[in-house]
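This report refers to the structure that appears directly beneath it.
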Amino acid sequence: ETLRIALAETPSDELAAFFVALDRAKANGLDYEWTAFSDEELAIQAILSGQMDIGFGTPYSAMQRSRAPIRIIFQLSKLKFFPVAVKEYTDLSQLDGKPIMLHSRGGGTDSIANVIEDRMGIELGERSYVPGSSNRVVAMLAGQAEATILDLSNKNKIIAEAGDRFNVLPMFDVDASDEALFANLDWIQENEDQVNILVAALVSVWQDVAKDPTIVSRETNPDGPIGQLPAEILAQLDGFYTEAVAGGLYDPNGGGRTAAMADLEWYAASGQLDGDPSELNIDDFWYMAPLDAATK
Amino acid sequence: MSQTESAFANAHPTEQDIAVSIRGVSKNYGAVEALKDMSLDFPRGQLTSLLGPSGCGKTTLLKIIAGLLKHDSGEIIVNGKNVTGPGPNRAFVFQDFALLPWATVMRNVAFGLELRGVPRSEREDKAEKYIKGVGLAGFENAYPHELSGGMRQRVGLARALSVDANVLLLDEPFSAVDEQTRRKFQEDLLSLVANEKKTFIFVTHSIEEAVYCSDQIALLLPRPSRVHEMIRPQIDRSKGVDNIPREPEYLDIVDQIWASLRAYVE
Amino acid sequence: MSQTESAFANAHPTEQDIAVSIRGVSKNYGAVEALKDMSLDFPRGQLTSLLGPSGCGKTTLLKIIAGLLKHDSGEIIVNGKNVTGPGPNRAFVFQDFALLPWATVMRNVAFGLELRGVPRSEREDKAEKYIKGVGLAGFENAYPHELSGGMRQRVGLARALSVDANVLLLDEPFSAVDEQTRRKFQEDLLSLVANEKKTFIFVTHSIEEAVYCSDQIALLLPRPSRVHEMIRPQIDRSKGVDNIPREPEYLDIVDQIWASLRAYVE
Amino acid sequence: MVIMGYKLPNMSSLLIWGLLWEIIGQTGLTFFVPPLSEVFVTLFKIIGTPAFVKALTETAQAFLAGVFFAIAIGIPVGIFMGRSRLLDELLLPWVNIFVSAPLTALVPVLMVLFGFGMKSIIITTTLFGIWIIILNTRAGVRQINRSLIEMSRSFGASQFDAFTKVYFWAALPEILGGVRIGVIRAVKGVIIGQLLISIVGFGALFELYASNFLMSHFWAVLIVLFALAFSISEFLGYLERRVSYYAANRS
Amino acid sequence: MQNRALYLKVLSALLVFGAWEIAGRIPVSYAFPTFLESMAALARMTFDGSIFVAYAETLKPLVVGVAISTFLGIGFGLWIGLSARFDWLFSPIFIVMQAAPLAALIPLLVMAYGIGLTSKVFVVCIMSMPVIVLSTSSAVRNTPASMKEMAKSFLAKDYEILLKIIIPAASPMIFSGLRLGVSAGFIGAILSELKITPTGVGDIISYSRSIADYPSMYAAIFSIIVLAVLFLNLLEKTENYLFKGNDRGYVTD
Ligand SMILES: Nc1ncnc2c1ncn2[C@@H]1O[C@H](COP(=O)(O)OP(=O)(O)OP(=O)(O)O)[C@@H](O)[C@H]1O
Ligand SMILES: Nc1ncnc2c1ncn2[C@@H]1O[C@H](COP(=O)(O)OP(=O)(O)OP(=O)(O)O)[C@@H](O)[C@H]1O
Ligand SMILES: [Mg+2]
Ligand SMILES: [Mg+2]
């Protein structure tokens with residue numbers, strides 16, 4: 001049976017490592033197909049309605065609110081977001097009372113903004129929402145906003161495009177997940193073998209990348225979805241992964257319990273989960289068996 | 001009186017001779033009472049004219065007989081059968097011609113046959129004949145908007161004749177054609193009546209035309225329409241169409257009808 | 001001959017009496033030669049009929065005079081001035097009525113006045129009068145598709161009369177109305193000619209009508225159309241419209257015209 | 001358009017607009033609008049690549065299927081609604097709902113009901129194109145001169161004949177107008193479907209190029225899309241001109 | 001007759017809502033709430049007033065954009081329909097606008113017009129104007145020639161022919177274009193709220209989706225549809241009122 005994967009974005013540099021892992025899993029006998037969705041809510045919906053098997057995203061509120069037994073099996077990347085502001089501001093505390101541009105209400109950047117307020121003891125000004133990191137880059141470039149929060153590759157883009165006008169504000173580390181793989185528990189248990197192959201492949205790639213980030217560009221299949229990308233994008237792969245690894249974007253062990261604990265705390269603090277994080281049960285959100293098997 | 005003529009006069013409509021019979025037909029358009037409890041018989045193989053002021057319901061009556069309009073009450077019997085919809089035994093010539101603007105004269109004339117499933121070459125041969133008959137030879141490939149008013153009317157006439165129905169319903173078929181064409185068509189109709197025993201129901205505004213062509217004339221008076229009088233002119237057509245206008249017999253009937261109609265108006 | 005009549009007969013068209021004059025007008029529709037080098041004068045205060053087989057170019061000629069169609073060569077002079085487009089001195093009654101389907105009878109009749117900028121209440125009063133005049137009182141708020149053929153035609157007629165132009169171009173204006181309405185309208189036209197010195201150019205297919213109403217009749221023959229003959233019937237209308245059909249003088253003119261037209265056909 | 005006796009082809013004005021684009025691009029006003037010449041260079045570079053060919057076939061398939069259903073369902077439904085009060089009363093509220101429903105907001109519902117694959121994208125495409133076809137056809141049918149219908153009935157036209165020989169042709173100018181607009185809208189529909197449902201075909205290329213600021217790639221794909229819309233629109237415009245001889249002569 | 005139309009509407013509504021309720025109860029998907037849940041969410045939003053606040057926000061770009069598109073769109077449409085030169089020069093622009101994948105172009109708009117009202121109005125206009133223009137222009141070309149001729153014979157000036165003949169004759173097509181234009185405007189307003197800045201109803205949709213509150217999401221979608229339908233009915237009433245005689249009824253009557 002073919003494994004159906006719901007991506008939350010089109011294949012591009014950020015997904016290159018994932019596709020390398022898929023290639024390795026395929027070599028081990030995993031049969032898969034993938035569909036890209038425009039955002040993670042759609043990927044979550046696709047899993048909820050059973051049209052896809054494994055999805056991309058952090059579906060904590062869906063897990064808590066819907067009656068579906070959804071579980072996370074692997075942390076793909078951590079919430080590494082970068083506050084970017086015009087040159088006048090050099091520190092987060094200077095953003096007190098200043099307007100900021102975020103992705104969407106209740107989304108990841110919104111959570112980060114909440115936690116920034118908490119930890120820095122400041123009160124951000126009016127929040128305006130512009131979905132899509134690249135759209136926020138455009139708005140910043142056009143002078144529509146002074147501060148925003150961007151992901152790694154868009155942060156790189158804006159600095160490359162206009163490093164003279166913008167700078168990246170230093171920020172505390174976050175261990176919570178940005179992207180994770182999740183699936184319906186019933187399905188996982190029925191397809192234990194496939195899940196194990198996939199998670200094992202992911203763990204092996206994540207560990208290899210941690211040692212040598214250039215492995216991604218070397219192992220990328222030139223006929224696959226990543227290999228077909230325009231040369232301009234492929235040229236950036238090595239740089240991207242080197243920086244990502246240096247910045248701790250990927251956990252070589254796929255997150256696991258640490259990540260789960262961090263997630264509960266983070267998402268409760270940011271308002272996506274109801275209740276006290278210490279009373280929530282990790283096993284209601286994560287399914288650890290495949291990861292445990294792969295990292296043994 | 002010629003032989004044919006007297007034959008007609010004697011053959012007083014008996015049961016089996018009635019081609020179309022309407023019994024107690026009423027029709028309202030919203031608040032407008034167009035027809036009220038109207039009864040009329042149309043004998044087979046005769047030409048009946050409907051004569052009456054404009055707006056008195058002649059078109060309405062014709063369309064009801066054709067099965068194109070639903071009547072509110074009463075019944076229509078064609079060839080002994082109660083009818084509720086259109087049928088192949090009746091053909092209609094429309095007051096406003098009803099030509100397909102996207103089709104050539106040829107296709108328009110052949111359209112009735114096309115709808116009856118006649119194969120193309122056969123129906124075009126037949127249409128060709130009728131196009132010639134109405135004097136439109138050479139215009140087979142013209143479109144309606146390239147024709148004059150009278151030419152369009154003749155296309156509609158040719159279309160109705162070509163399907164060879166035995167009851168023909170003609171709504172002011174000659175209103176836009178010139179005198180000589182009209183006279184020719186009148187002769188054609190009369191010969192169809194005489195030779196092929198077709199039944200014509202004919203709306204006209206010309207009292208002269210009605211008197212000259214009809215076996216019987218129904219004078220209708222309006223709102224709601226009812227049959228005011230039935231007249232059987234029995235003109236001796238053998239005298240020749242050119243001389244008839246000077247016949248006192250003919251002139252008297254015209255005057256009599258005119259007097260009836262005028263009486264109503266005044 | 002009545003006094004008015006003889007006055008007309010004597011007043012032979014001199015320069016200043018010509019309301020509309022066409023000189024050497026030609027018109028082709030693609031390959032079809034509709035008019036060729038046609039010249040005609042229409043004296044002021046007279047009614048001129050155009051009589052001719054269908055498709056001979058009568059509507060075309062009328063539309064050219066109205067300024068609705070461009071002619072290929074020649075000139076049109078109205079009231080001494082060369083015209084190239086429509087003008088307030090001419091009003092047109094269309095063979096196909098040309099009513100606005102989205103407008104009521106009232107709005108349709110008042111439409112000519114509306115376009116001349118007459119204020120609403122005034123034009124509706126005037127339209128009301130003409131609606132009555134053509135016997136459509138009570139149908140002011142009906143829409144064209146709710147009217148019978150003859151009623152639609154009368155709406156077009158009322159619209160043209162209401163604008164009070166001094167040259168009226170009528171394209172078969174009575175083809176769909178009944179005999180008594182037609183006769184009433186004929187009287188109305190004649191009184192407009194006599195009392196208000198309006199100039200009428202009138203297309204008809206009824207030789208009788210042409211002979212009865214016209215001061216002059218232009219017989220047209222087709223393809224390409226040319227003036228075959230001009231006839232000035234000078235009927236003595238004082239005998240009463242009911243008796244005229246029996247007048248030999250009248251019948252003779254009708255026959256003479258008929259002979260001319262038929263000669264062409266055969 | 002005729003200049004000095006020359007009949008200019010219909011879309012030749014595009015040259016003027018293209019020139020304007022090139023000038024704006026050359027001035028370097030914004031990096032979003034690269035010069036047209038650069039866009040064409042990029043276009044030739046990518047046009048043969050497997051990624052592009054795959055996107056093109058995916059898009060074309062969804063588009064053609066979507067348009068086919070929009071036309072094949074839209075015209076008959078429009079005709080039925082125009083002629084029958086019962087059907088109109090039954091369907092018009094729903095047509096109104098769909099026509100006014102923000103289709104982008106309905107897309108999530110579609111995905112739930114029809115899944116994420118080609119099927120949903122085709123349905124989205126159809127939904128974008130079909131309503132104007134239905135509404136225009138309906139409006140065209142309601143304007144038909146009643147005599148034509150009575151005429152065909154009096155000659156015993158079957159329902160099917162009346163449909164194909166009278167209603168369709170009498171309303172054809174309006175139908176073609178509707179199909180033209182519907183098909184152009186379907187171009188938008190297929191892209192929205194490919195962006196909002198699952199990211200495939202041209203939608204994926206747009207997303208990729210826009211998010212990586214590859215503007216000349218972006219415009220190159222857009223130009224292919226516009227060319228598609230133009231050729232369809234021109235073809236239908238040609239058909240419209242073919243029927244114009246009677247379009248203005250109906251009453 | 002009047003009653004039958006109403007019964008039919010109610011009946012078909014019941015059928016559809018019933019099917020929705022059943023589909024929600026099966027459930028076809030965890031992301032698909034039942035009809036009653038959605039209505040409850042709608043009621044909640046109505047009572048706490050949040051839906052009104054949202055609409056106050058959404059309607060701003062919508063109303064402005066639709067008003068602009070209606071006037072400019074009909075104007076351009078008439079002009080294109082009447083002048084071959086103008087047609088030649090400008091109709092490609094509207095075809096481009098019509099076919100442009102707006103969702104992909106939003107970065108450009110943000111660049112040019114920012115993230116405020118202007119961009120959103122622009123999105124609404126780009127969505128709604130082309131249909132109006134294209135429908136109007138093709139209807140104008142089909143105006144019955146004999147009516148134009150009649151008006152000319154009564155000395156109609158060009159603008160009068162336009163106002164009194166061409167527009168009424170084209171009105172059925174113009175109105176069907178307007179309907180689509182207005183509905184496309186609704187799409188544009190929502191799209192801009194989903195893609196430019198989530199405010200108003202678009203915000204309710206995207207926020208409830210991100211917190212997996214699907215009943216609220218469906219309630220918001222439902223409310224837009226209801227609003228759009230009400231608006232279109234109003235448009236239809238206007239059409240029937242303005243051009244009553246154009247309605248020749250149904251063949252089946
Ligand atoms: N569709 C309709 N809706 C409402 N009233 C109508 C409709 N059709 C006809 N009428 C009315 O019915 C009456 C009879 O119309 P009909 O067309 O039968 O007259 P007619 O005798 O054929 O007149 P004409 O000689 O002028 O053609 C008229 O008063 C007309 O106003
Ligand atoms: N638009 C057109 N295109 C091509 N030919 C045309 C057009 N209009 C008229 N004709 C042709 O010109 C000739 C004259 O037409 P016109 O309408 O003037 O005739 P008419 O004398 O008014 O006839 P009727 O008495 O039947 O109304 C006809 O042969 C007709 O076929
Ligand atoms: Mg009639
Ligand atoms: Mg004529």
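Naming convention: chains lettered A, B, ... in sequence-line order (proteins, then strands); numbering from 1 in each chain.
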Is atom [atom1] of [X] surrounded by more than 12 heavy atoms (other residues, nucleotides or ligands) closer than 6.0 Å?
| X | atom1 | value |
| --- | --- | --- |
| Y29(C) | OH | yes |
| F35(E) | CZ | yes |
| D158(E) | CG | no |

Can you name the nearest heavy-atom pair linking F111(C) to I165(E), along with the distance?
CZ-CD1, 3.7 Å
Looking at every heavy atom in both L115(C) and K164(E), which two are closest together, and how far apart are they?
CD2-CD, 3.9 Å
Which portion of [X] sits near chain E, non-hydrogen atoms under 4.5 angstrom:
| X | answer |
| --- | --- |
| F94(C) | side chain |
| E146(C) | neither |
| A98(C) | both |

Selection from L113(C), T104(C), L100(C) maximising heavy-atom pairs under 4.5 Å formed with chain E
L100(C)
Top residue by heavy-atom pair count (under 4.5 Å) with chain E, among A66(C), G67(C), G87(C)?
G87(C)
Pull out the residues in residues 157-176 of chain C that come under 4.5 Å of chain E, heavy atom to heavy atom, sorted by number.
R159(C), A160(C), V163(C)
